[in-house]
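None of the values given here were measured: they were computed from a predicted structure.
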Amino acid sequence: MIGRTEAALESAVADLSGRGSPDALGLVVDIGDAKQVDKAFADLGERWGGELNVLINTVGPGAAGGFEDLTDEQWLQSVQDGVLGMVRCVRSALPLLRKAQWARIVNFSAHSTQRQSVMLPAYTAAKSMLTSVSKNLSLLAKDEIMVNVVSPGSIASESLVGWAKSVGVDGDDPYRLMEAIDKHLGIQRNAPGRLA
């Protein structure tokens, strides 16, 4: 696996090793840097005989803020992190995926592409773009590479729990966490916007 934080990677590798995956490997990589991404996949290719069966892209969270409050830089950063990071990883992984007998790409989008949030327009736009790019990538079926998009609802991730605590909510209580998401992020339930 690749990620930006060495401590988090070490923890994940230790967890995977403890669960019976002794070949787990964590590489510190800034997915905003194409050269780092290329090197990481070259290293993975050497480690596993030039093949890769599965690539899972989970990139988050993008800038939060109301539409009028977000700067151009925050919009661009949401696309940089949420879309181009995935694009770089897929591009670097494709030679390894094509060599495998079977291959899968799984990209994580978000339920906010269906249930809009007044506080997540840049994040949601980036996730919509990721979904669109993934549809294009599904054409890789001709190379025996299956591409899927997963659009989960809110997950009590470390960053989401930390955010909840920053707004005075016990993020460890799932009910309170979901209440906070509805209250502070303004996710619209069964109230689609109207386009003229």
Side-chain angles (χ1 to χ4, degrees), residues 1-16 21 23-48 50-65 70-100 103-113 120-140 143 145-152 154-155 157-163:
M1 71 192 81
I2 65 175
R4 288 183 238 196
T5 311
E6 188 170 2
L9 284 168
E10 287 174 357
S11 175
V13 167
D15 185 52
L16 288 169
S21 184
D23 292 331
L25 173 68
L27 300 173
V28 177
V29 176
D30 176 359
I31 61 169
D33 183 334
K35 289 182 180 177
Q36 286 188 40
V37 174
D38 286 343
K39 182 175 183 334
F41 281 95
D43 291 346
L44 291 172
E46 284 181 26
R47 171 107 178 210
W48 287 305
E51 295 182 4
L52 183 66
N53 292 105
V54 180
L55 173 64
I56 300 173
N57 290 295
T58 59
V59 184
L70 291 170
T71 65
D72 288 359
E73 290 75 19
Q74 288 173 306
W75 280 91
L76 290 170
Q77 193 63 50
S78 293
V79 172
Q80 172 77 272
D81 292 345
V83 183
L84 292 177
M86 175 273 291
V87 168
R88 291 182 191 100
C89 289
V90 171
R91 189 172 53 216
S92 296
L94 273 176
L96 305 174
L97 292 164
R98 285 191 170 114
K99 288 180 184 173
R104 306 287 183 267
I105 298 171
V106 180
N107 292 327
F108 274 72
S109 183
H111 75 297
S112 60
T113 61
L120 297 173
Y123 168 83
T124 300
K127 287 300 186 181
S128 296
M129 189 175 175
L130 178 141
T131 300
S132 180
V133 173
S134 299
K135 288 179 180 180
N136 186 273
L137 287 172
S138 71
L139 301 175
L140 291 169
D143 295 335
I145 300 172
M146 180 184 291
V147 179
N148 291 103
V149 176
V150 177
S151 296
S154 300
I155 297 172
S157 64
E158 186 177 324
S159 61
L160 192 56
V161 169
W163 164 81

Gap between atom CD1 of Ile31 and atom CZ of Arg4 - 0.5 Å precision
6.0 Å
Rounded to the nearest 0.5 Å, the CG atom of Leu9 sits from the CG atom of Leu25 at a distance of 9.0 Å
If every non-hydrogen atom of Ser151 is compared with every non-hydrogen atom of Val149, which pair is closest and at what distance?
OG-CG1, 4.0 Å
Separation between CG of Leu55 and CD1 of Ile145, rounded to the nearest 0.5 Å
10.0 Å
What's the separation between atom CG in Asn148 and atom CG in Leu137, rounded to the nearest 0.5 Å?
11.5 Å
Kindly say whether Ala110 contributes a backbone atom to a donor-acceptor pair with the side chain of Thr113 at under 3.5 angstrom?
yes
For a side chain to side chain contact (heavy atoms under 4.5 Å, CB included) check, start with the C-alpha distance between Trp48 and Asn53, then their side-chain angles and the critical distance, and finish with the verdict.
CA-CA 10 Å; Trp48 287 305; Asn53 292 105; over 6 Å; no
Going from CG on Leu16 to OG on Ser11, what distance comes out if it is rounded to the nearest 0.5 angstrom?
9.5 Å
Which residues pass the side-chain hydrogen bond (donor to acceptor under 3.5 Å, both in side chains) test with Ser134, not counting sequence neighbours?
Asn107
Distance from Leu27 atom CG to Gln36 atom CD, nearest 0.5 Å?
10.5 Å
Given the options Leu52, Leu97, Val54, Ile56, Ile105 meets side-chain contact (heavy atoms from CB on, under 4.5 Å) only with Leu97
Heavy atoms of Ser92 and Val37 approach each other most closely as OG-CG1, 3.5 Å
If I compare all heavy atoms of Asp33 with all of Arg88, which pair ends up nearest, and what's the gap?
C-CD, 4.4 Å
Short side-chain to backbone donor-acceptor contact, Gln74 and Thr71, under 3.5 Å:
yes
Going by side-chain contact (heavy atoms from CB on, under 4.5 Å), Gln80 matches just one of Leu84, Leu76, Val83. Which one?
Leu84
Could you tell me whether Arg47 and Asp43 have a side-chain N and a carboxylate O separated by less than 4.0 Å?
no
Nearest heavy atoms of Arg91 and Ala34, plus distance in Å
NH2-CB, 4.4 Å
Closest non-hydrogen contact found for Trp75 with Ala122 is CZ3-CA, 3.6 Å
From the list Met86, Met129, Lys127, side-chain contact (heavy atoms from CB on, under 4.5 Å) partner of Ser109 resolves to Lys127
Minimum heavy-atom separation for Leu70 and Pro121, please, with both atom names.
CD1-CG, 3.7 Å
